[in-house]
Every structure is written in structure tokens, then in C-alpha cells.
> 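Submitted below is the structure of interest, expressed as C-alpha cells.
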Amino acid sequence: MSQLRAEIDAIHDREIHLVDPYEPKDSDGLLRMVFMIPYGHAFSLMGNGPMGLHDLINRTKDVPAVAERALHYECLVREGNRVTTPDGEVYRSIESPLPVGTADVIGVSVINSGSLHSVFQQLDLAGVPRRSADRIPGEHPLVVGGNSGLADPEPMADYLDVIALGEAEESLLELLRVVHAHREEPGSGVSLYEKLARIPGLYVPSLYTCEYLPGGGVAAVTPRKLTVPAKASPVYLPVRELHPAHFVYPKSDGTAAGIHPTLGCRHSCDFCNLGVPPFRHAPIGMLKEYVDRLEAQKIRRIIISSPTFTQYRHRRELLDHISAYARRAAAEGETVTTIIGSIRADELTADYLESVTELEEFGHLFTELNLDQARGIITIAPEWASPDLVAMYGKTQRRERVDNAIELCRKSKDVNTVMLYFIVGAPGERGRTELPDRRRRERPPRHARHRPDTRHCPHRRPARNPCGPRQRLWSSINRPVMGLRRPWCCSVRPR
């Protein structure tokens, strides 16, 4: 048995389906869509964009397609930025032995702009030409991109045939219907791309001309034909029209599963696109039922994947439900760990800390994936920058609010580590002020100042805690790239 086949068989053996089951489709006569996910199996399950759409396509009977997943399997051979299969094996999906390159549609998900290069890596792996102009309709698959890393689609305009803007639950399903109908009856006088451009939420770069400003930025995007809409806009759906896999991980490998309690953000900071979609709450009944399914499957690690979790109206009820599960597991000698992402410093309250610390075992996703680190971690985001940029971005964080958040953590008997996220190298930050401003941002409040300590991780330097022997303060760095906030290692190290 080949290495690739053995690894895929192992994936099948350990995967657990966590949402309502559905009858598999008969693939005869249907389109084949492959979501190419540039991660290993465990991390791929956290990608609710492709995972949720994969689930939706396969369970929706009137969509003439079946969906598959192709990953960066552990057995792949890595040479620099190039990835190949071992012994020249065919690169295949989890669900089918057919080559990925023979699919009718390929979907690529870019979670942030720092991952744009993964599109080329994946297309090379599948043997599909990188540029749209080099792909032949009927011979090569249609390549569709999506997710927040393509919030500005123009950098990838020459490489993606179609880009889904916003939430793709409706637009992608309609794309598959149109592609299938066009394949059956192509002679309608209208090209496939023109048909796709008329679907709300889809942008077809080859049908538009993008004019750039001399100093950078876009002056105008205009259609090349009168039959093409003048503007392509993102689509966001009301909660009642979103299926459960939009809010919960539809599959698990048995070690962890996660939920998305909120969509969007109530704040509108200009450097971040979290506030672009309308803010919405996940139904609390759905999330509690999902936690019950995790308990039934004895999945002991719960990831709350929501950068705006403090804004969730049912936060206390959800955490109480998880705490009850944790207590029942503890009675059996098992530990339930809850992983929560970073939160805004001005939204950290004593009530929030109380409800989180009642979980007993809680941490942060970065440390779960990268470090052998104790629990009791709270991550807050001061996101300071120079004063003119703070004003331009519409930031409301003041030093006093961050000091107060750290003081609340210091007083807690259960929080032993605080991680801080900063912005460095922000667009518009001038070189002559960047370094002094970085130094200012690197100095935490007087009661939390620290010196580097390399005992735990070369990327995030933990601090000897001057607040007491039980607590640590970490300083990590955020660098905004194309309007997206994301962690960045080794940019600046605390002095």
C-alpha cells in the first residue's frame, strides 16, 4: 500500500461526523468539486469555510455536484516552497482516488493575505496551470477562490477564474448549477464566465478592467462588456439562511472540535475587515446541542473560534453549559479544555473572567498548537500604533483600558499567563517614527514590564512576571497585511 493511501485510510478511520447525517449522492453525471486545503488533517478541520461548504454541497440534493477535500498530507515531499507526492503518486482527495487535476471545479480558500502563495503551491501540486489564461476550458478545472484573504481580490486576478465575495453558501451552489447546465447545453450564445458574473457575490476578474492609482490603490474597476454587472458585491446571509456547519466544525479527528458563536464585529476599525460583515449571533440552542454531541463522542477539547466572543449575547449561558460538561468529565477522571481566541482589551471585564475561569481548564489556540504551555491563558489585543494612525484607523484603545484589563487578570487566581497582541509595520507608518513607536508599544504597564526569556519558545518571548510568581505576560506581534490582522512571528522582540 502506498504512503498516500495509508494516510488517507487512517483519516477515514479517525474522522467523526458531528452534524446531522445525510445520504451520499450518486456521483454519476454530477460535477466533481475538490476543495484544496493547504494544511494537514487536524488543522484543515478548523477551516469552516471549505469544511462548511463541503458539507453543504454534499447534503443538498438539488446541487448537481459532489464535494471532496485534498490536503497537504504528511507524506508529501517538501522542497523549499514546492510540494510533491511521494514516488510520483497521483495527488488525490480524501474521498476519491481520481487525480485532483481532473476535477470540474477546484476551490481554494485563503484565510489571510500572507497565504496567497499557497494557491500556487496547490495548483502546482494538482498539475493545474497557475494562470487563468493558460487553462483550457473542458481540459482544466474552473478555479474558484474565497475567504477573507481575498477581501482584495485584485492581487490574484490573473490566477483565479472566479472569486466568491462574502459568504458563499448561495453563490457557490448557484455556480455549480450554472456550470453543470452549461456543460449540458453550452450553445446558448453567452459564455460561461458571463453567466457566472451575473450571480450575486461572484467576481470574475477576466471580465473587468482594474485601473490603479499612481501611488498604489485602485482607481476604478469597470466591466469589459455591457452584459456584465457594473459592480460585484459581497453577499452576507441572515442567520436563518446559514446551515449549522457555518457555525460548528462538521467533522473532528476525535481530539478537538470547535464553534463560531459570532460573525462579524460591532467595531469598525479601518485596518481590519472583521467589522465588514453584519454582526450576527449563532443560535445558542444549536451550540449547546453541539457541545452535547462532543460529550457523547468524548471529545475533550473545545475551540471557541471567535475574535469577538466577548460580544456574544449568550456567552455566559454557553460557558455555563461547557462548564457543566467539564464537571461531568472530571467526575470520570477526564479533563475538558476550552480554547478561546484573543479579545479586545476594552471588552475584558470581571464578569467575563469569572465565567471563563469557571471552565477550570482554558487556554489559547496558538499555545495549544505550538507550545507545551500551562493552561490559564488570557490573550488581549491592545493594538497600539502611532497616534496619527490610531486616529486614522478609528481605534478606541487607550493605555488606561489596557492597564485595567491586565490588572483584572493580575487579580484573578486562575489566570497565570497573559498574551498581548500588538500592531507593527502598519500601512502608513513612517520609517522615522516606526522604531521609537515600537519601543513605546513594547513597554507594558509598569507592573507588567519584563525582560526576554527564551525558555519556552523562540518566537514568543515569555516574561518573568513581576506581578507575582504565578503569572506570566507574553508579548506577541501583529502585522496587518492587506487590511487583515494576523499573528506575525519574529517581527520585533521585546527588550
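Model, not experiment: these values are computed from the prediction.
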> Closest heavy-atom contact between Ser93 and Ser96?
OG-N, 3.0 Å
> Does any pair with a residue in residues 27-38 pass side chain to side chain donor-acceptor pair (under 3.5 Å), and if so which ones, sequence neighbours excluded?
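Qualifying pairs: Arg32-Glu68, Arg32-Thr102.
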> Checking side chain to side chain contact (heavy atoms under 4.5 Å, CB included) between Val128 and each of Ile106, Asp134, Val100, which is the one that passes?
Ile106
> So, using side chain to side chain donor-acceptor pair (under 3.5 Å) as the criterion, who are the partners of Asp161 when residues are at least two apart?
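Counting only residues at least two positions away or on another chain, Asp161 forms a side chain to side chain donor-acceptor pair (under 3.5 Å) with Ser132, Arg135, Tyr193.
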> Going by heavy atoms in the side chains, are Leu263 and Phe247 under 4.5 Å from each other?
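Counting from C-beta outward, Leu263 and Phe247 do come under 4.5 Å.
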> Does anything in residues 134-185 form a ring pair (Phe, Tyr, Trp, His ring centres under 6.0 Å)? List the pairs, not counting sequence neighbours.
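Output for this query lists Phe120-Tyr159.
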> Rounded to the nearest 0.5 Å, what separates atom CG in Leu196 from atom CG in Leu175?
5.0 Å
> Tell me, do His321 and Asp292 make a side-chain contact under 4.5 Å, heavy atoms counted?
yes
> Heavy-atom count around Arg82 CZ within 6.0 Å, excluding the residue itself: above 12?
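Atom CZ in Arg82 is not packed in, count stays at 12 or less.
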> With side-chain hydrogen bond (donor to acceptor under 3.5 Å, both in side chains) as the test, pick out the partner of Lys251 among His41, His54, His17.
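One option only clears the test, and that one is His17.
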> What are the two closest non-hydrogen atoms of Asn58 and Ala67, and how far apart are they?
OD1-N, 2.8 Å
> Which ring pair (Phe, Tyr, Trp, His ring centres under 6.0 Å) pairs, counting each pair once, include a residue from residues 275-294, with sequence neighbours left out?
Phe279-His281, His281-Tyr312
> Verify side chain to side chain contact (heavy atoms under 4.5 Å, CB included) between Glu241 and Tyr236, making sure each step is shown before the conclusion.
CA-CA 10 Å; Glu241 296 180 16; Tyr236 299 104; over 6 Å; no
> Check Pro153 against Ala151 and note the closest heavy-atom contact, atom names and distance.
CD-O, 3.4 Å
> Working to the nearest 0.5 Å, report the span between NZ of Lys25 and CZ of Arg59.
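So the gap between those two atoms works out to 11.0 Å.
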> Please identify each residue that fulfils side-chain contact (heavy atoms from CB on, under 4.5 Å) with His117, with sequence neighbours left out.
Asn81
> Distance-only check: which donor-acceptor pairs under 3.5 Å involve side-chain atoms of residues 198-218, not counting sequence neighbours?
residue, atom, partner, partner atom, Å
Arg198, NE, Thr227, O, 3.4
Tyr203, OH, Glu154, OE2, 2.6
Tyr208, OH, Pro229, O, 2.8

> Would you sort out whether Tyr91 and Val34 count as a side chain to side chain contact (heavy atoms under 4.5 Å, CB included), showing the intermediate values?
CA-CA 12 Å; Tyr91 181 58; Val34 178; over 6 Å; no
> Taking the side chain as C-beta and beyond, is there a heavy-atom pair between Arg69 and Leu45 under 4.5 Å?
yes
> Kindly write out the residues that satisfy salt bridge (charged side-chain N to carboxylate O under 4.0 Å, His left out) with Arg266, not counting sequence neighbours, or none if the list is empty.
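Counting only residues at least two positions away or on another chain, Arg266 forms no salt bridge (charged side-chain N to carboxylate O under 4.0 Å, His left out).
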> Please examine the side chains of Leu287 and His314, heavy atoms only from C-beta on, and report whether any two atoms are closer than 4.5 Å.
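Result no, sub-4.5 Å side-chain heavy-atom pair not found.
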> Dump the intermediate steps for salt bridge (charged side-chain N to carboxylate O under 4.0 Å, His left out) on Arg316 and Asp320, then the final yes or no.
CA-CA 6 Å; Arg316 186 64 188 245; Asp320 286 348; 3.4 Å; yes
> Taking side-chain contact (heavy atoms from CB on, under 4.5 Å) as the test, write out the residues that go with Glu89, two or more places apart.
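Result, side-chain contact (heavy atoms from CB on, under 4.5 Å) vs Glu89: Ser2, Gln3, Leu4, Thr85, Pro86.
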> Applying side chain to side chain contact (heavy atoms under 4.5 Å, CB included) to Val235 and Leu165, what does each step give before you reach the verdict?
CA-CA 7 Å; Val235 170; Leu165 305 176; over 6 Å; no
> Looking at OG1 of Thr262 and CD of Gln311, how far apart are the two atoms once the value is rounded to the nearest 0.5 Å?
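Nearest 0.5 Å value for the OG1-CD distance: 6.5 Å.
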> List in chain and number order the residues that pass side-chain contact (heavy atoms from CB on, under 4.5 Å) with Glu74, two or more places apart in sequence or in another chain; answer none if no residue qualifies.
Glu7
> So, the side chain of Asn147 versus the backbone of Gly149: is there a donor-acceptor pair under 3.5 Å, distance only?
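Absent.
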> Under the salt bridge (charged side-chain N to carboxylate O under 4.0 Å, His left out) test, which residues partner Glu174, sequence neighbours left out?
Arg177
> Which atoms form the tightest heavy-atom contact between His12 and Ile94, and what is the distance?
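In terms of heavy atoms, the two residues are closest at NE2-O, 2.9 Å.
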> Give a yes or no on whether Glu185 atom CD has more than 12 heavy-atom contacts from other residues, nucleotides or ligands under 6.0 Å away.
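Open.
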> Do Leu150 and Leu116 have side chains that get closer than 4.5 Å, going by heavy atoms?
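In contact.
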> Can you confirm whether more than 12 heavy atoms, excluding those of Lys61, are under 6.0 Å from its NZ atom?
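Result for NZ/Lys61: enclosed.
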> So which atom in Ile259 and which in Pro261 form the shortest heavy-atom distance, rounded to 0.1 Å?
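What the structure gives for the nearest pair is O-CD, 3.5 Å.
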> To the nearest 0.5 Å, what is the distance between OH (Tyr352) and OG1 (Thr310)?
6.5 Å
> So how far is it from Arg92 CZ to Leu71 CG, rounded to the nearest 0.5 Å?
11.0 Å
> For the atom pair OG1 (Thr308) and CZ (Arg315), what is the distance rounded to the nearest 0.5 Å?
11.0 Å
> Just wondering, do Val119 and Val143 contact through their side chains at under 4.5 Å, heavy atoms?
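They are not in contact (no side-chain heavy atoms under 4.5 Å apart), so the answer is no.
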> What pair of heavy atoms forms the shortest contact from Ala256 to Ser252, and how long is it?
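Between these two residues, the closest heavy atoms are O-OG, 2.6 Å.
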> Have a look at His260 and tell me which of Val248, Asn48, Ile304, Ile303 forms a side chain to side chain contact (heavy atoms under 4.5 Å, CB included) with it.
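When Val248, Asn48, Ile304, Ile303 are each tested with His260, the side chain to side chain contact (heavy atoms under 4.5 Å, CB included) holds only for Asn48.
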> Listed by chain and number, what are the side chain to side chain donor-acceptor pair (under 3.5 Å) partners of Arg280, not counting sequence neighbours?
Glu167
> For His72, which residues count as a side-chain contact (heavy atoms from CB on, under 4.5 Å) partner, sequence neighbours excluded?
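Result, side-chain contact (heavy atoms from CB on, under 4.5 Å) vs His72: Pro38, Leu76, Arg78, Val83, Gln121, Gln122, Leu125.
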> Can you find a heavy atom in the side chain of Leu319 that is under 4.5 Å from one in the side chain of Ser355?
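A side-chain contact exists here, since the closest heavy-atom pair is under 4.5 Å.
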> Show, in sequence, the C-alpha distance, side-chain angles and deciding distance for Asp104 and Val179, and conclude whether the side chain to side chain contact (heavy atoms under 4.5 Å, CB included) test is met.
CA-CA 9 Å; Asp104 299 291; Val179 171; 5.6 Å; no
> I want to check something: taking the side chain as every heavy atom from C-beta on, are Ile299 and Leu18 in contact at a cut-off of under 4.5 Å?
yes
